[in-house]
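Okay, structure first, notes after.
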Amino acid sequence: MKIRKIEFGLLLSFTLCISTDCWCQAQLSLQDCLNYVLNNNLKLKTAQNQGMQARQAITENRAKLLPLLNGFASFDDNFEPPVSATDQSDNGIPYYITHTLQYSAGMGMQLSMPLYNQTLLTSMRLVKQASEMSVLQEEKISEDLLENTAKMYFMTQVTTEQISLIEKNIQSLTELRNQTYALGENGMALEVDLQRVDLNLSKLRTAKDNALLMLQQQYNSLKYIMDYPAEKDFSVTDANISQIQQAEANGMSNDLPELKMLRQSVRIAETQLQMTKRGYIPSLSLTGFLQWNAWTGDLKRWGSGYPDNKLWNSYGLGVSLRIPIFDGLDKRSKTRKGKLDVANAELELQDTQRDMQVEYDNALNERTSALQNYQREKEAYELAQEVYNVTSDQYTEGVTTMTAVLQDQMNVNQAMSGYLDAYLNYRLANLTILKLSGQLNNLLK
């Protein structure tokens, strides 16, 4: 009987776990979210597929360097067979007439293979560079996803912390209201004091509702970036706003995906220019053929033992030389355009490097300023909380007025808002430094 009770208890616990699975929320750390987005984001998967397509294009273009062998077969019915005339004046005959047979058939194979073609070789290099560009594009998308996910995660943490602090203020103010109500029952507090407390409580509850709405929107944005199922919920870890971590300022990295992509664009433009110039170089190809032909004037003769059954074979090898002489100045125009493309790609690279360097320097300044603001706002919040506690105690003792208590409580709310803003600004500035210094992957550790 006791064993049955234990089994029933285990079954009941298992059933409750299943039934409550819908409201049990998983708590995901920043590393969990970053790993999830790298494994599930649709844009990243699309970039990965495009990279595979680019690699397949290399194999596809490499086939142009291999021999090309084609088979063929033909059958012709000359309704009015043509004739040809041969000069036979030496034999006293003006000309000799040759009649073409009405039916002809043939089959065979044709061979072609490039032996020397600089344009084709350069185009192969261009396809390989395009494949490398797709890899860099995938790397850039990954870093953008890491940055956006981390940024939204920090914002969600701060909003969650803001709601927690508002709830503490609501609890503290509710206790003050209860004290005020008790004092009012004893004739030691005015009705207007109670109304003032209720007014501040209403403002705090409105601020909490707005923060909850913002938090839901931030979770929706975070799910969208991660491609996390919208019907499932999770929570972020608590933000330790009392402590902050500082990324090492190692200078702006020259291996950022944006810069590598621009350098690759320069190389691609240079390769395209080379391919245009090499269009002036002659190309050499190998050609070959193997074929069988048969002719007859009557289809009945084929397959009936007549001499018409004989297949006349022929084969041979050769080389084909192509020498470009004049193309209507097409390559000259393309060469001039290619030089401008190279120059523009180099200018864009230089401009982006300078812009990112300025962004990095500004991020350093913003982090320094944000750190100072964070320290000041932290001290201001702690001081405002202490002052409010003292004023609240003094009001209970009848030493001060409700107006002073509510003013100090308002100061607490303002200090709290400034404290959280300073913390978030520091985390975002630090995130920018991580990105521009090439340390963004440290968030995965």
Side-chain angles (χ1 to χ4, degrees), residues 34 37-38 41 43-44 46-48 50-51 53-54 57 122-123 125-152 154 225 246-278 331-371 424-443:
L34 296 179
V37 72
L38 292 180
N41 184 266
K43 292 181 180 178
L44 184 57
T46 302
Q48 292 170 348
Q50 291 174 348
Q53 289 177 340
T122 307
S123 67
R125 186 147 54 94
L126 189 62
V127 172
K128 184 177 180 180
Q129 290 174 344
S131 176
E132 294 171 354
M133 177 66 85
S134 65
V135 175
L136 295 176
Q137 180 68 25
E138 179 183 343
E139 182 181 348
K140 182 181 183 301
I141 292 176
S142 298
E143 288 217 348
D144 289 343
L145 288 174
L146 291 179
E147 181 188 13
N148 293 333
T149 302
K151 185 181 298 184
M152 188 55 62
F154 295 153
I225 297 173
Q246 184 168 323
E248 296 183 4
N250 298 327
M252 193 195 77
S253 173
N254 288 322
D255 291 330
L256 297 175
E258 294 87 344
L259 297 179
K260 290 193 288 187
M261 288 178 63
L262 290 175
R263 293 191 191 100
Q264 188 69 5
S265 297
V266 174
R267 287 191 285 268
I268 289 176
E270 291 174 345
T271 303
Q272 289 175 334
L273 177 60
Q274 291 177 1
M275 186 169 63
T276 301
K277 290 181 177 179
R278 290 177 179 180
K331 282 189 284 294
R332 189 182 74 170
S333 300
K334 290 182 178 179
T335 300
R336 292 177 177 176
K337 179 180 177 298
K339 291 180 180 179
L340 292 175
D341 290 338
V342 172
N344 290 335
E346 291 175 346
L347 290 174
E348 185 177 1
L349 173 60
Q350 295 174 8
D351 181 67
T352 303
Q353 284 179 320
R354 294 176 181 176
D355 181 65
M356 297 185 76
Q357 183 63 53
V358 171
E359 184 179 0
Y360 178 79
D361 294 338
N362 289 339
L364 287 178
N365 295 331
E366 289 175 4
R367 188 178 70 173
T368 302
S369 176
L371 179 59
L424 179 59
N425 291 336
Y426 178 85
R427 293 300 302 268
L428 295 181
N430 198 61
L431 180 64
T432 302
I433 293 175
L434 283 174
K435 175 187 176 182
L436 296 178
S437 60
Q439 304 179 67
L440 204 56
N441 287 331
N442 292 345
L443 295 175

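Atom NZ of Lys43 has 12 or fewer heavy atoms from other residues, nucleotides or ligands within 6.0 Å.
Inspection of the Gln357 and Arg354 side chains reveals no N or O donor paired with an N or O acceptor under 3.5 Å. Side chain to side chain, Glu348 and Ser265 fail the donor-acceptor criterion of an N or O pair below 3.5 Å.
Here the CD-CG distance, from Glu270 to Leu126, works out to 12.0 Å after rounding to the nearest 0.5 Å. In this structure, the separation between OG on Ser142 and CG on Leu38 is 5.5 Å, given to the nearest 0.5 Å. With rounding to the nearest 0.5 angstrom, the CE atom of Met261 is 8.0 Å from the CD atom of Glu258. A distance of 8.0 Å separates CG in Asn148 from CE in Met152, rounded to the nearest 0.5 Å. Separation of atoms CD1 (Ile268) and CG (Asp341) is listed at 11.5 Å; rounding is to 0.5 Å. Considering CD1 of Ile433 and CG of Asp361, their distance stands at 10.0 Å, rounded to 0.5 Å.
Gly438 and Leu256 get closest at one heavy-atom pair: N-CD2, 4.0 Å. Across Ala363 and Ala429, no two heavy atoms sit closer than the pair O-CB, 4.1 Å. Contact between Leu371 and Gln246 at its shortest, heavy atoms only, is CD2-OE1, 4.1 Å. Across every non-hydrogen atom of Val37 and Ile225, the tightest pair is CG2-O, 3.2 Å. Across all their heavy atoms, Leu440 and Glu147 have their closest contact at CD2-N, 4.0 Å. Closest of all the heavy-atom pairs between Met252 and Leu259 is CE-CD1, 4.1 Å.
Within the 4.5 Å cutoff, the side chain of Leu443 has no heavy atoms near those of the Leu146 side chain. Taking the side chain as every heavy atom from C-beta outward, Arg332 and Arg336 approach each other to under 4.5 Å. Here the side chains of Thr335 and Lys277 are in contact, with some heavy-atom distance below 4.5 Å. Side chains of Leu431 and Arg427 form no contact here, defined as non-hydrogen atoms less than 4.5 Å apart. Annotation: side chain of Lys339 is not in contact with side chain of Thr276 (no heavy-atom distance under 4.5 Å).
Using a distance-only test at 3.5 Å, with no hydrogens or angles considered, no donor-acceptor pair links the side chain of Asp351 to the main chain of Leu347. Although no hydrogens or angles enter the test, the distance criterion places no donor-acceptor pair under 3.5 Å between the side chain of Ser131 and the main chain of Val127. In this structure, the side chain of Tyr360 engages the main chain of Gly251 through a donor-acceptor pair within 3.5 Å. Checked by atom type and distance alone, the side chain of Gln439 pairs as donor or acceptor with a backbone atom of Glu248 at under 3.5 Å.
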### Message
Under the criterion side chain to side chain donor-acceptor pair (under 3.5 Å), I'd like the reasoning laid out for Glu132 against Gln264: C-alpha separation, chi angles, the key distance, then a yes or no.
### Response
CA-CA 8 Å; Glu132 294 171 354; Gln264 188 69 5; 3.0 Å; yes
### Task
Walk me through it: do Leu349 and Gln353 pass the test side chain to side chain contact (heavy atoms under 4.5 Å, CB included)?
CA-CA 6 Å; Leu349 173 60; Gln353 284 179 320; 4.2 Å; yes
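Taking a cutoff of 4.0 Å between a charged side-chain nitrogen and a carboxylate oxygen, Glu139 and Lys260 qualify as a salt bridge.
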